[in-house]
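Comments concern the structure below.
Per chain, numbering begins at 1; letters A, B, ... match sequence-line order.
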Amino acid sequence: MLDQFFNAAEAEQQIYERWEDAGCFKPSMDTSAEAYAIVIPPPNVTGVLHMGHALNNTLQDILIRFARMQGKNVLWQAGTDHAGIATQMVVERQLAEAGSNESRATLGREAFVDRVWQWKEESGGKIVGQLKRLGASCDWSRLRFTMGERGAEDDQMQAAVRKVFVDLYNDGLIYRDKRLVNWDPHFQTAISDLEVEPKEVKGHYWHLRYPLADGVTYEHPVFDEEGEPAGTETRDYIVVATSRPETMLGDTGVAVHPDDERYKDLVGKHVILPIVNRRIPIVGDEYPDPEKGSGAVKITPAHDFNDFDVGKRCGLEVMNILTSIAAIVDGEEADTAAIPADYRGLDRFEARKQVVAHFEAHDLMQEIESLKIEQPFGDRSGVVIEPWLTDQWYVNAKELAKEAIAAVKDGRTRFVPENWEKTYYNWMEDIQPWCVSRQLWWGHRIPVWYGPEVFDGELNQTSASFGQVFAAETEAAAKQLALAYYQREAPDWGVKHIEVVSDWNSALGHNAFEADDNDTIALFQDEDVLDTWFSSALWPFSTLGWPGETEELNTFYPGAVLVTAFDIIFFWVARMMMQGLQFMKDIPFKDVYIHALVLDEKGQKMSKSKGNVMDPLDLIDEYGADALRFSLASQAAQGRNIRLSTKRIEGYRNFTTKLWNAAKFCQMNECANWDGPIDPSRVKEPVNQWIIGEVARTCDAIAKAIEGYRFNEASDAIYRFTWNVFCDWYLELIKPLLNGDDAEPKAETRRVAGWVLDEILKLLHPFMPFVTEELWEKLSEDGPSRDGFLMMQSWPSYDGFENAAADAEMDWVLEFVSEIRGVRGILNVPAGAKPGLAVVNGSTETKKRLQRHRDVLMRLARLDSIYTDDDVPAGAVSVVLGEATLALKVADLIDRQAEGDRLKKRIAGLEKDIGGIEKKLSNEKFLANAPPEIVEEQHQRKADWSAELIKLSDAFAQLEQL
RNA sequence: GGUCGAUUAGCUCAGCGGUAGAGCACUACAUUGACAUUGUAGGGGUCACUGGUUCGAUCCCAGUAUCGACCACCA
């Protein structure tokens, strides 16, 4: 016998292990079956499961389990992501916290990367274990990692990344460029636009006076207190505003709009830049907006994206004044910029204070404005990002985007919900070059080796130029390329060997070529690694064995659907589209289902700093994985975020208990279906015929909803059927049959009830895999053993299982009971009281139904007797059911006042409704334009309501006479 | 500034061109009955506002207001 409750904590782990041991998660590789594949959005390998993962993987698991039960050849490709910056950050922090003297710098690259691998191995299994606790039925035997395997020669995942890079390079779609990047001074790496988070912070605009050179002055308009023009004043300076005053050290010009009357004549003149005392030009450019600020803009081409463009147009110098940690430069660059000694090496914020102080001290500060300003922050480091001029590798995203846009436009890939397509287009159509190099150590090293450049057969030794690029998938291939190159381009050198050295400095020494006997050229590999998303972009095919040609690749590419949240449409989805189309010549997935974000109860994003994080594992411990999953699925309506509350999860935990107890009831009553499929045409009892049809309808609704990614509708359908139809009605309705002595209906009912329970387990399984599997197994203990796991059962299909006559009859029974219960409630008839009931004016059909369901009606409506009569007995309470009046004989039990109120209220309601319909039916336009079935419906409704009105009015009149 | 979304019961949210729904909360009643992690019943809504289309609008369209998200910009 089943226990009182489902013990999730005990059962879940065991069940999961049995599934996995039995190989249930592996694809059938049945070639006759339709292939269905989903690649998991790989979580950070060292991360922990959060609510977003829980939702994301619950939805995928529902799709996967559903497809598996449908007999498809199903692969849920599992894997984890190396998460470059995030993981490197964690390990660096660990080193710092360990308190030893070790740091990234002291360890050096190799040892540090080793540490990260070590950390990956220690913690990398954790998230996988957590996904298992959620019930995710991924094929773990195919687990992949974006970085491949540690130290493995010829690792396929790494080979995929290198091949993509090299192929794109050879096609001119990857190139090296010197331009401003978003520089993260904390990690000392470039980051992509997407990794920059603009945040509003308190700041200032400092309005600075730059003195005009050569004694120039101009007339600047002034305004009085009311803002009215009040003539002009003569100025020997020009005012510019900035939120980053320290950048003035790198100013190489001041721009004004060429049509700006105030400054027109100043174009071509110069200012003397304070502090550094450099003479810089005033230029005319369209960029400054005369309406904003003073209308004059300081131009710092090396440290501002807009200024960079202005500088380019106006031929201004680009003068770098910041180091990689965003301190003011020292040495050669500082000399060039004429930076005074007391600024050199200063942190940017210290320098800011000092600059401000200088301006104030020298009467050069026009105004300090305090306001909120938007500043760019690194999403991982949390420090202010500086635009910085560096050499980086870029992917020509614009070119790759063309096909990726086309694939969505022509419907090869479809977004669900559709409106995300627009977001995708908006971004794709204005896509910027993708900076893919990162100055990190943890990641795929860029497969590029540099050698000395050759000009006219001569080695270019000026500034030690190593501009010759050899992009190759292996070091050996790079060497080959280089050898061929130098022998071809510089035959005089007599190069015979290529050597790879660790860095630029060693290469410089090797390639000195001072002695004629040097026949070796040294190359060194690019120090940088690739953006994590570069490898993630290949995920749909790299995980399946590409660049090899594998059976899995042939079978499972493209995938059926990608399930993800909108926040990585740009990071990931768009890039998978681009790379998939480029390298597989086909879309990576047919559908992209974009689900909601999971927020806390108040609609806030969960974050550690807010302290409102809900840990899915805690919730699983408390309520069971099934309850959490169901809660997430039931709220996964398209286009809205999920506010998660424990109340709701608790409710679905109760649902598992309800199901469990229903199963226990079936077990106690020997309700089981050991005889396989049921033949509805041989089922005789209306209640059984009806419930079979309800199962069929529910199954259909669930399947349609899942196929349309309407998870909330699907979970709703199975919930309602299980609780409100099966438990609340069916089990109550069959109790008399089960307790009765009539052998044949009893046997039929036992079998049908058992069958329905089995079907519920199947239909519910994708949502609540654990409790359903547990029940499937526990219930099997009483009978012949069943054919394997529930999760491997076929998704049911019911054709011709519905029975309209049974439905009509049972609807009548349900309404009968509901009406009587309702009137009892309103009139406060004590639950223990069992009045008699007269059925007046019942048709033959009604009388038959009364006969068949007498026991059930008396039981559920709590009646003492049911009989037919010609008139409503005096003092009885009338309820209208179809053509009949149900007269509850409760005269001495009820509150007459309450009954009068009830009737009045109902009568008034009916009169109002009938009035509305009459108005409609007298409207000729309605009759002319509305579809006939609607008109007919209105007529029918009017007739029904009018009949009821008459009966209730009679009843009211009678009550008054008493 | 651009784009997208939201506004429905006390709360959280579904839904829909033809009688307004769920869960939770609330109220009353029930207790050794599969289940109190329960059952039965009930109260509660001008579907943000203003126009338009329509025989009919909570639903479609336009506008307004409020809230939110994303993108861009910010001297």
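- Taking OG1 of A/Thr564 as the reference point, atom CD1 of A/Ile569 lies at 8.0 Å (rounded to 0.5 Å).
- Paired regions of RNA chain B, where each region holds three or more successive Watson-Crick or G-U pairs whose two hydrogen-bonding distances fall under 3.5 Å, are B:1-7 with B:65-71, B:10-13 with B:21-24, B:26-30 with B:38-42, B:48-52 with B:60-64.
- B/U46 and B/G33 have their C1' atoms separated by 46 Å, with the value rounded to a whole Å.
- With hydrogens and angles ignored, the 3.5 Å screen pairs a side-chain donor or acceptor of A/Arg575 with a backbone N or O of A/Phe571.
- Residue A/Thr300 comes nearest to A/Thr247 through the heavy atom pair CG2-O, 3.3 Å, listed as atom of the first residue, atom of the second, then distance.
- The nearest whole Å value for the distance from the CG atom in A/Asn641 to the C1' atom in B/A69 is 8 Å.
- Counting to the nearest Å, the P atom of B/C71 and the CD atom of A/Glu195 are 13 Å from each other.
- Looking at A/Arg313 and A/Glu286, no side-chain N of the basic residue comes within less than 4.0 Å of a carboxylate O on the acidic one, giving no salt bridge.
- Straight-line distance from the CZ atom of A/Arg941 to the C1' atom of B/U19: 5 Å, rounded to whole Å.
- Closest approach of A/Pro281 to A/Thr252, counting heavy atoms only: CD-O, 3.4 Å.
- Side-chain proximity of A/Ser243 to the nucleotides B/G18, B/C55, B/A75 is greatest for B/A75.
- Taking the C1' atoms as reference points, B/G44 lies 9 Å from B/C26, given to the whole Å.
- Comparing the same atom, C1', in B/G23 and in B/C59 gives a spacing of 23 Å after rounding to whole Å.
- When atom types are taken as modelled, the side chain of A/Gln938 and the backbone of A/Lys920 share no donor-acceptor pair closer than 3.5 angstrom.
- As judged by a 4.0 angstrom heavy-atom cut-off over every strand, A/Thr242 is placed among residues touching the sugar-phosphate backbone only.
- A donor atom on one side chain and an acceptor atom on the other are found under 3.5 Å apart for A/Ser634 and A/Tyr652.
- Straight-line distance between the P atoms of B/C55 and B/C67: roughly 38 Å, to the nearest whole Å.
- Remark: the separation of the P atoms in B/U3 and B/A9 is 30 Å, to the nearest Å.
- Residue pairs meeting the salt bridge (charged side-chain N to carboxylate O under 4.0 Å, His left out) criterion with at least one member in residues 931-948 of chain A, sequence neighbours excluded, are A/Arg906-A/Glu948, A/Glu918-A/Lys942, A/Glu937-A/Arg941.
- Atom CZ of A/Phe566 and atom P of B/U3 are 18 Å apart (whole Å).
- Look at A/Lys422 and you'll find a side-chain N or O under 4.0 angstrom from OP1 or OP2 of B/C4.
- Nearest nucleotide to the A/Ala241 side chain, out of B/C55, B/A75, B/U19: B/A75.
- Under the 30°/60° scheme for interplanar angles, the aromatic rings of A/Phe655 and A/Tyr719 are found to be tilted.
- Using a 4.0 Å heavy-atom criterion, one finds that A/Gln635 contacts no nucleic acid atom at all.
- Straight-line distance from the CD1 atom of A/Ile594 to the P atom of B/A69: 19 Å, rounded to whole Å.
- Residue contacts shown for A/Pro288 include a base, since a base heavy atom lies under 4.0 Å away.
- Backbone-only engagement by A/Asn712 is indicated by non-hydrogen atom pairs under 4.0 Å involving sugar-phosphate atoms exclusively.
- For the pair A/Lys735 and A/Phe665, the cation-pi test (distance below 6.0 Å, angle within 45°) is passed.
- At a threshold of 4.0 angstrom between heavy atoms, the contacts of A/Lys905 are confined to the sugar-phosphate backbone, with no base atom among them.
- Taking atom CG of residue A/Asp304 and atom C1' of nucleotide B/C73, one finds them 11 Å apart after rounding to whole Å.
- A straight line from CD1 of A/Ile568 to P of B/C70 spans 15 Å, rounded to a whole angstrom.
- Separation of the C1' atoms belonging to B/C61 and B/C70 is 26 Å when rounded to the nearest angstrom.
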Per-nucleotide protein contact along nucleotides 28-41 of chain B, 5' to 3', at a 4.0 Å heavy-atom cut-off (B base, S sugar-phosphate only, - neither), is ------BBSBSSSS
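- Note: A/Phe566 and A/Trp420 have parallel aromatic rings, judged against thresholds of 30 and 60 degrees for the angle between ring planes.
- Residue contacts shown for A/Ala930 include a base, since a base heavy atom lies under 4.0 Å away.
- One interatomic measurement links the two molecules: CD of A/Glu924 to C1' of B/G56, which rounds to 16 Å at whole-angstrom precision.
- Considering only side-chain N and O atoms, A/Arg648 lies nowhere under 4.0 angstrom from the phosphate OP1 or OP2 of B/C24.
- Here, B/G43 and B/U7 have their P atoms 26 Å apart, quoted to the whole Å.
- Atom P of B/G52 sits at a distance of 40 Å from the matching atom of B/G42, rounded to the whole Å.
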